[in-house]
Visitor: 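Can you keep this structure in mind? I'll have questions shortly.
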2 protein chains.
Amino acid sequence: MSRSDPTNLQPFVDRLLARSVLTPDEIQAILALPVHPVEVRGQTDFVQVNEKTSCACFIASGMVARFGETRDGQRQITAFHIPGDMVDLNSVVRPIAVGGLTTLCNTTILEVPHTAIRALAVRYPAVAEAFWRDTMLDAAILMQWVVNVGKQRAKTRLAHIFCEMAIRLGGDRQILQEYDFPVSQERLAEAAGMTGVHVNRSLKALREEGLVTVKRYSVKIHDWQRLAQTGEFEADYLVADTGTDRRARLLAGD
Amino acid sequence: MSRSDPTNLQPFVDRLLARSVLTPDEIQAILALPVHPVEVRGQTDFVQVNEKTSCACFIASGMVARFGETRDGQRQITAFHIPGDMVDLNSVVRPIAVGGLTTLCNTTILEVPHTAIRALAVRYPAVAEAFWRDTMLDAAILMQWVVNVGKQRAKTRLAHIFCEMAIRLGGDRQILQEYDFPVSQERLAEAAGMTGVHVNRSLKALREEGLVTVKRYSVKIHDWQRLAQTGEFEADYLVADTGTDRRARLLAGD
DNA sequence: CGCCAGCTTGACCGAGATCAAATGGTGTGG
DNA sequence: CCACACCATTTGATCTCGGTCAAGCTGGCG
């Protein structure tokens, strides 16, 4: 069936439907978007900073990080992207990439040409609206990321990231107590705005406090309550408008 | 004339036209949006964190900061908004405010109801597109902010902020060597993710190096080259697509 | 078996935080 | 026009979290 076809955009539609209302016509049109599957090995930069892109990247499987760079080449990861995410959807209206993209593990990407997405957005304003809303959730996550990196201490920053991923990987609904997370400590450091060494020490502390165990390829949460407490994690910004009654559609006719 | 009327949205149109192509009809429709002028005194929170909003806020004059909060009430400023900005345009598709809004000085705001903006976006897809593009520029600035706060040291963070504001206040075109900036050192600290005391010392260093002089209500840049160097400031993310030839319109008919 | 990347640990350092006090500017009331 | 209050700025002294440097350790893989 279509849902298990790895080159199918059904998961993207599911993602959109969690927050927007779309008609069967519109859904069909999205599923009919031309896609070009690409396999990318782990640790590969596939979009450079300031590169002009010509397609959006849907993540069918694997995991991707968006990052910025300082002059001396240090990286700051600004977002993790998981299967179901349409990365660079923003590039449809603003083709200059904000930051680069790199794979955290072997990843299957479905490239979708801007031209096709644009044609779709023109024909179906409600789809354009759903796209806009989707990019706004990314922006909300990003704002929280600034607060996390700017004002929290090491353990809090890390705990926050593990909480955020537990929610997002759980489909915004269930909280995954255990999940795959192919991120090295060095990468975690780039995300949290600290050094690898200190990530290591902080993870050790979190482990010894019985909150969470992090290995190279997995996260196991032992005490969600206290982890969320430590990470000052409020899920509101991620889930506040995902309820069915809260889904929105500006256009008349529902 | 309309341009000098403080309750007119012409500056908003100008802002949009710098990046998007709009027809005279569409421009007229934007200018016809109902606005409700509000005077807000400085240092006033006028949107709370997680508040559900029902209108967007155009800044006619003054200055506004968006912020997030930690549990103990510390604030992290995630964006400065200047005259001409339509703050919370994102709230049209996602009414839960991402962070609160506070005034940095006496500010004149024109409230525009979501309902009116929605009606406009439905009727004119190209306007919706321009709105989306505008919010994406905010997101790009935000991403840069994460890099700045996460990976740079004190002087660099501050220098970056002064460079960014010099460009933005200069209308993305000229670089203002001197501008009003009604931001206390304490607020600057909240933006840069550091303490007021250290902001003070860092400003002193920047001043003694002959880069920039910052007072309570103004910034005076003495050496743009070296300030940009110190701030690791690349204006690309702000101006890359403002050139006339780069303005975009997805819809056919240009 | 031996290599190499990533993880772990230790010792030391330093940027920036914290605490505390003095200074300076500005608006208000006498 | 001065006195005072209030705030932001400035400066000093001290502390600490996290950075830096360096050395093992571990485990997957050719």
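Keep in mind the model is a prediction, meaning the values are calculated, not measured.
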Visitor: Testing B/T108, B/T103, B/T107, B/N106 one by one against B/E39 for a side-chain hydrogen bond (donor to acceptor under 3.5 Å, both in side chains), which residue passes?
Guide: B/T108
Visitor: Return the value, rounded to whole Å, for the distance between atom CG of A/L203 and atom P of C/dG6.
Guide: 16 Å
Visitor: Mind calculating the distance between CG (A/L188) and C1' (C/dT8) to the nearest angstrom?
Guide: 15 Å
Visitor: Separation of B/L158 atom CG from D/dT9 atom C1', in whole Å?
Guide: 15 Å
Visitor: To the nearest angstrom, how far is A/R157 atom CZ from D/dG18 atom P?
Guide: 7 Å
Visitor: Using a 4.0 Å heavy-atom cut-off, does A/T195 contact any base of the nucleic acid, only the sugar-phosphate backbone, or nothing at all?
Guide: base
Visitor: Report yes if a side-chain nitrogen or oxygen of A/K204 is closer than 4.0 Å to either non-bridging phosphate oxygen (OP1 or OP2) of C/dT8; otherwise report no.
Guide: no
Visitor: In the structure I gave you, are the side-chain heavy atoms of B/N90 and B/D138 within less than 4.5 Å of one another anywhere?
Guide: no
Visitor: Distance check needed: D/dT9 C1' versus B/Y217 OH, whole Å only.
Guide: 13 Å
Visitor: Side-chain N or O of A/Q185 less than 4.0 angstrom from OP1 or OP2 on C/dT8?
Guide: yes
Visitor: If you compare every side-chain N and O of B/N200 against the phosphate oxygens of D/dT9 (OP1, OP2), does one of them come in below 4.0 Å?
Guide: no
Visitor: Between the protein and nucleotides 13-15 of chain D, list the N/O to N/O atom pairs that are separated by less than 3.5 angstrom.
Guide:
residue, atom, partner, partner atom, Å
D/dA13, N6, B/R201, NH2, 2.9

Visitor: Could you check whether any side-chain N or O of B/R226 sits under 3.5 Å from a backbone N or O of B/L211, counting only pairs where one atom can act as donor and the other as acceptor?
Guide: no
Visitor: Determine, for B/E209 against B/K155, whether the closest basic-nitrogen to carboxylate-oxygen distance falls under 4.0 angstrom.
Guide: yes
Visitor: In whole angstroms, how far is the C1' atom of C/dG16 from the NZ atom of A/K151?
Guide: 13 Å
Visitor: I'd like to check A/F181 versus A/F162 (side-chain heavy atoms, cut-off strictly below 4.5 Å). Are they in contact?
Guide: yes
Visitor: Which of these nucleotides, D/dA8, D/dG18, C/dC7, is closest to any side-chain atom of A/R216?
Guide: C/dC7
Visitor: Do other residues, nucleotides or ligands put more than 12 heavy atoms under 6.0 Å from the CZ atom of B/R216?
Guide: yes
Visitor: Go through D/dT10, D/dG19, C/dT8 for me and flag the one nearest to the A/R207 side chain.
Guide: C/dT8
Visitor: Out of C/dC7, D/dA8, C/dG16, which has the shortest distance to the side chain of B/S184?
Guide: D/dA8
Visitor: Return the value, rounded to whole Å, for the distance between atom NE2 of A/H198 and atom P of C/dG14.
Guide: 18 Å
Visitor: Taking B/E51 for the side chain and B/I96 for the main chain, is one N or O donor matched with an acceptor at less than 3.5 Å?
Guide: no
Visitor: Round to a whole Å and report the spacing from CG of B/D72 to C1' of C/dA17.
Guide: 14 Å
